[in-house]
Amino acid sequence: MTKVFTDGLSFAIPLLIMAVGAIYSEKSGVTNLAIEGFQGFGAFIGAFIAILLMPVLGNGSQAVIYIAMAAAAVGGGIYACIHALLCIKFKANQVISGVVVNILGVALTTFFTSAANTAINGTASNKFILGVSSRFSIPGLSAIPWVGGLFKNMYPFEIIIIVLVLFFWYLMYKTRFGMHLRACGENPQAVDAAGGKVNKTRWIAVIISGALSGIGGICFAYSILANYSPSIYMGYGYLAIAAMIFGNWNIGTTALVCLIFGFAKSGGYQLCIAMGLPSNYSDLFLMLPYILTMILLIFFSKKNHPPKAAGEPWDKGKR
Amino acid sequence: MEDYIVEMRHITKRFPGIIANDDVSIGIRKGEVYALLGENGAGKSTLMSMLFGMYEPDHGDILINGEKVVFHSSNDAAAHNIGMVHQHFKLVDNYTIAENIVLGMEPKTKIFGILPSVDMKKANRDISELSKRYGLEVNPTDLIENVPVSVRQRVEILKMLYRHAEIMIFDEPTAVLTPQEIEFLLDIIDGLRKDGKTIILITHKIEEIKKIADRCAILYRGKLVNVLDVKTTSVQDMANLMVGREVDFNPHKNEANFRGTVLTVDHMTVKNENKFDVVKDVSFTVRGGEIFAIAGVSGNGQTEIADAITGMMKIDSGTVKIEDRDITNLTIRERAQAGISYIPEDRQRTGTVMDFTLRDNLALREYYKEPFSKNGILNFDKFQSYAEELIERYDVRSGQGPKTIIRSMSGGNQQKAIVGREIEEHSKLIIFVQPTRGLDIGAIENIHKQILDERDRGAAILLISLELDEVMELADTIGVIYNGQLLKIAPASTMSSHDVGRYMMGVKEA
Amino acid sequence: MNTKKKNRWLSGLLTSEKYSSFTVSVLAIVLTLVTASVLLLIMGKNPARAFLCFLQGCGFAPKANYGGGSGMLSDLFDFLNYLAPMLLASLAFIVGFKAGLFNIGIAGQMLMSGFAATVIVGYNKSIPAGLAKPLVIIIGIIVGGLTGALIGYLKYKFNIHEVVSTIMVNYIISYTTGFFINNKYVDMLTRTSRVCSPASRLTWTGVQIGGVGCKVPLGIVIAIVMAFVVRFIFDKTAFGFELKAVGLNKNCAQYIGVGVGKSIVASMALSGVLAGLAGVTYYLGYSNTIIPKTLAGMGYDSIAVALLGNSSPVGSIFAAIIVTIFQQGANYMSSTIGVAKEIASLITGILLLYASCGGHMKELAAGILQKDLYREIEAKQASEGSGSGKEEKR
């Protein structure tokens with residue numbers, strides 16, 4: 001049971017930060033199917049910086065992880081500019097743009113990972129070996145029966161992400177910037193008439209979306225995967241989008257959905273072990289989040305309300 | 001040199017393909033109500049959008065209090081105390097009234113003394129106070145999506161007052177209001193004038209100008225024709241100047257010749273996607289040769305009636321019959337074939353495929369029938385000849401004839417194409433929803449004539465319009481809808497526009 | 001002055017109705033080649049040599065030397081083997097795209113149909129070739145069509161965005177088939193699925209043409225025929241007319257009485273059929289085995305093909321050739337000049353990026369023309385109306 005909580009949280013929390021990124025972009029009026037590409041590219045930059053730093057700071061150093069997280073945020077943010085450019089400046093179809101960004105992301109990172117490996121250690125491997133982040137337990141809380149598992153064996157990044165999510169919740173719902181951002185996704189004309197800058201707000205939102213996705217990506221690389229490789233493209237970006245849809249574009253509800261995803265995944269896996277099935281069967285349990293997503297989508301897709309102006313480029317000169 | 005609070009000198013503004021304003025110069029005095037009169041497309045809104053900083057003029061200067069200004073955004077205009085109520089309200093539907101009003105000028109506070117945030121409590125208090133002071137009562141915490149059009153307009157006015165606007169621009173403020181609401185609005189405008197505000201009123205309704213305005217500038221196809229003193233000018237003169245020719249105020253309407261009942265709507269109830277009754281237990285009949293008009297304030301269920309009859313929305317209970325045939329459960333296409341033509345409210349979102357050619361759009365009702373298609377294979381020669389025929393008959397003008405992409409055509413010609421396509425089906429029932437919205441006077445006259453011709457041919461006409469003038473002008477019978485219910489059905493000759501207006505606001509018979 | 005004229009000439013070509021679809025694509029290809037060249041130069045490689053290697057790898061130019069029994073023609077046939085599923089996959093994308101749907105689950109649909117055909121026919125050695133090949137095609141059509149129809153149904157019935165559902169279905173198919181291959185059909189040596197019987201394979205191997213051994217694909221015939229079938233459907237039939245109407249304006253399509261839900265399911269089913277055909281020509285033609293839990297990159301490359309071909313079925317034939325040259329020629333290029341073969345995907349990605357900017361390029365060009373027009377009008381007005389302007393000031 002403890003394991004279910006621990007693994008569930010460590011999956012749910014990076015997923016949540018990506019979903020918050022998606023919410024920022026969509027709430028500002030830019031449809032965002034590019035999370036998968038953002039997180040992969042952001043994680044690539046983070047992992048690349050980590051690989052460069054590891055010999056300098058020593059292999060065991062945990063400081064590398066934090067620097068990598070910052071680098072992943074920057075990398076994801078920069079990469080998101082492509083999506084912003086296509087959607088906001090070029091007024092391209094936003095769904096196509098998302099697909100383009102994802103495909104290009106896989107190609108870029110795969111190529112440059114092997115190119116970097118060739119340059120650094122002479123082997124054309126497509127992996128950066130990162131290792132797993134160290135863990136800690138919160139004293140006191142982790143001793144509580146049943147729910148104590150939630151506070152046991154945590155990754156430090158989980159705490160960082162929770163703080164970030166709280167901050168971005170506050171930014172979205174309590175500040176002028178957030179108020180303008182949400183209005184941009186509902187009726188950009190209103191924002192423009194009130195003197196707001198619609199396209200600037202959308203640019204910032206998409207960049208935030210990239211940065212948060214990048215953080216999510218590097219955390220997966222440092223936990224479940226233990227390295228950076230093309231297998232970072234596991235569709236978690238799309239799971240984050242699905243979580244956003246069930247969460248009805250609301251950060252609070254989306255957080256709940258992410259937790260459900262997380263516990264379903266870890267619960268399924270533990271069930272597989274408890275039933276004593278051979279390891280081959282783990283493939284079937286790895287499918288659980290995807291199947292769960294489909295089922296939830298069937299029940300919830302019809303009822304929710306995406307931001308009204310999402311998907312429509314804003315053109316001031318248009319009459 | 002006169003003392004103007006606003007002066008616009010030699011303003012020229014071009015958009016791809018058209019010159020919206022051509023060397024227009026106007027001067028407005030402090031404290032007057034200055035009307036801008038002109039047809040749709042005459043360039044009134046464009047001119048004012050420049051004064052409000054939404055566009056920048058290609059040429060010419062704007063002077064406020066004698067000083068030259070350059071506005072890059074509406075913020076710059078607001079800084080000079082200019083405010084504007086747009087024709088399409090610029091409100092965020094899922095925000096509260098107070099949130100909408102303070103958007104862009106939010107009062108600030110700090111959570112825990114450090115985190116900057118929006119002070120909604122103060123905003124609600126301020127708005128409540130402001131609305132009481134000017135007699136514009138609103139509840140600051142209501143969501144915009146839950147309040148009627150007239151309240152939304154009040155919110156727009158409060159938005160200007162909250163920003164301390166001294167110069168207030170109203171763009172077609174009465175287009176969607178009932179006569180009573182119009183009177184209320186004109187009173188408010190009068191009060192604002194007494195308060196020392198300068199009002200600019202964009203409109204194509206001459207009676208309102210006559211009632212409220214001091215002076216009136218007339219625009220025709222982007223050019224300034226004349227500036228008149230309202231008191232000394234007759235309505236007819238203004239109308240002639242606006243249209244650029246003699247206007248016939250009373251279109252010729254033949255005596256009605258009713259035939260058998262074509263459409264029977266019996267206790268029809270329609271639910272929207274949120275399972276909310278938008279049409280409640282509505283019953284009426286339309287005879288051949290009759291124009292049955294449904295009047296009502298926007299959003300009271302009138303478009304849903306049309307959608308339910310044509311099959312675009314599901315009928316929850318009740319029946320709809322064409323002559324003796326029950327069509328309640330037929331598909332959209334089966335109903336069309338049973339004898340329904342439909343000119344929908346939104347010609348761009350529903351009435352046409354904007355990226356199809358004019359030829360293909362004209363064939364949308366016929367493409368699957370012989371000789372347009374045989375065994376599923378299309379016959380484009382027939383498409384072409386049919387299009388040429390309709391273009392000729394309905395005077396549809398376009399750049400390149402049948403192969404023009406319909407998106408590139410003017411709204412009036414798009415509408416003519418739709419009306420032609422639907423009329424050509426020679427249906428027993430023709431439903432028109434807002435058939436003249438956004439069209440210029442020439443196109444409006446053309447469409448009205450088509451409607452009357454079809455009625456005289458013997459078709460049953462269901463006309464749904466938000467423009468009360470249009471309803472009064474064309475209808476043989478008027479049904480007034482309020483909150484999804486038909487409050488009153490009566491021959492048009494027995495009701496004045498004021499009577500209709502009262503029912504539109506939900507006042508039942510005494 | 002000269003550059004301005006050039007500008008105008010290029011803008012004219014980009015906006016002209018007749019040529020724009022073609023010129024935009026060519027411009028995207030040119031920009032991609034330039035970008036790729038810069039990249040290769042940075043890596044210290046000769047771009048011209050690299051591009052020649054891509055062509056040599058596909059049998060369009062002679063290599064320095066060939067292994068025993070193979071030659072330029074064998075390379076060319078290998079190229080066609082890869083081209084066939086690529087073209088079919090891009091047609092699958094186009095069919096959905098025209099009806100306003102983004103089928104990005106082509107890779108999954110390919111895998112599903114390929115897996116089904118492999119298991120049902122490929123491992124059944126008793127079926128003779130004359131029966132096995134048609135059977136493989138039919139299974140591809142049915143399985144692909146059903147998978148596509150499922151996505152369409154979910155969209156129509158439950159309003160599930162097809163981009164999300166196709167990705168989810170991709171992973172579900174990938175893990176499920178992976179599970180069965182690993183448990184039942186695995187070849188212990190290669191860790192991939194066991195090869196299918198030659199009778200079931202849609203490619204005839206070891207055919208001697210001009211003295212060299214060639215793999216002759218049946219798929220390329222299917223693919224080109226399907227390109228023209230798809231063109232016929234959209235240009236000439238009432239069904240295609242309706243799909244286009246649904247794709248461009250769902251409200252209007254509903255208004256004129258087209259069953260929008262039915263159209264969505266039908267177009268996704270048709271898209272799935274084409275993806276299914278791509279799947280069987282890929283897994284039982286080009287390759288002869290399935291790598292478990294791996295989706296074919298072609299599923300995504302086909303989107304680049306479709307956009308580059310301006311979503312025209314016939315245009316895609318040319319676009320597919322371009323993309324396939326990079327994908328198929330990458331191995332030879334890599335072994336000859338030592339650049340990682342992943343560069344092929346990168347080039348495809350860049351191509352996709354530029355192709356998706358096509359609309360903006362057109363708009364930019366239109367803007368330049370418009371400005372020129374304004375300037376002319378203004379110059380005209382200035383020369384005519386200079387007198388009257390002065391008068392007014394007086």
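Chain A is the first sequence line, chain B the second, and so forth, proteins listed ahead of strands; every chain is numbered from 1.
With a 4.5 angstrom heavy-atom cutoff, B:Leu103 touches chain A via backbone and side-chain atoms both. Heavy-atom distances place no part of B:Met84 under 4.5 Å from chain A, backbone and side chain included. Residue B:Glu273: no heavy atom, backbone or side chain, is found under 4.5 Å from chain A. Using a 4.5 Å cut-off between heavy atoms, B:His86 contacts chain A through its side chain alone, with no backbone atom that close. Only the side chain of B:Phe52 comes within less than 4.5 Å of a heavy atom of chain A; its backbone N, CA, C and O stay farther away.
Across every non-hydrogen atom of B:Arg407 and B:Gln414, the tightest pair is O-NE2, 3.8 Å. Summarising the geometry of A:Phe136 relative to A:Ile159, their closest heavy-atom pair is CZ-CG1, 3.8 Å, with the distance given to 0.1 Å. The shortest heavy-atom contact between B:Ile144 and B:Arg152 is O-NH2, 3.3 Å.
Between A:His83 and A:Phe38, the ring planes lie perpendicular to each other; the angle is over 60°, past the 30° to 60° tilted range.
Applying a 4.5 Å heavy-atom cutoff, the residues of residues 112-120 of chain B that approach chain A are B:Leu115, B:Pro116, B:Ser117, B:Val118.
Residue pairs meeting the side chain to side chain donor-acceptor pair (under 3.5 Å) criterion with at least one partner in residues 161-183 of chain A, sequence neighbours excluded, are A:Arg176-B:Glu106, A:His180-B:Glu106. Among residue pairs with one or both ends in residues 158-168 of chain A, none qualify as side chain to side chain donor-acceptor pair (under 3.5 Å); sequence neighbours excluded.
In terms of heavy-atom pairs under 4.5 Å with chain B, the best-connected choice from A:Ala309, A:Gly196, A:Ala194 is A:Ala194.
Around atom NZ of B:Lys223, no more than 12 heavy atoms belonging to other residues, nucleotides or ligands sit under 6.0 Å away. The number of heavy atoms from other shown groups lying within 6.0 Å of CZ (B:Arg437) is above 12.
With sequence neighbours excluded, no residue forms a ring-ring contact (aromatic ring centres under 6.0 Å, His included) with B:Tyr162.
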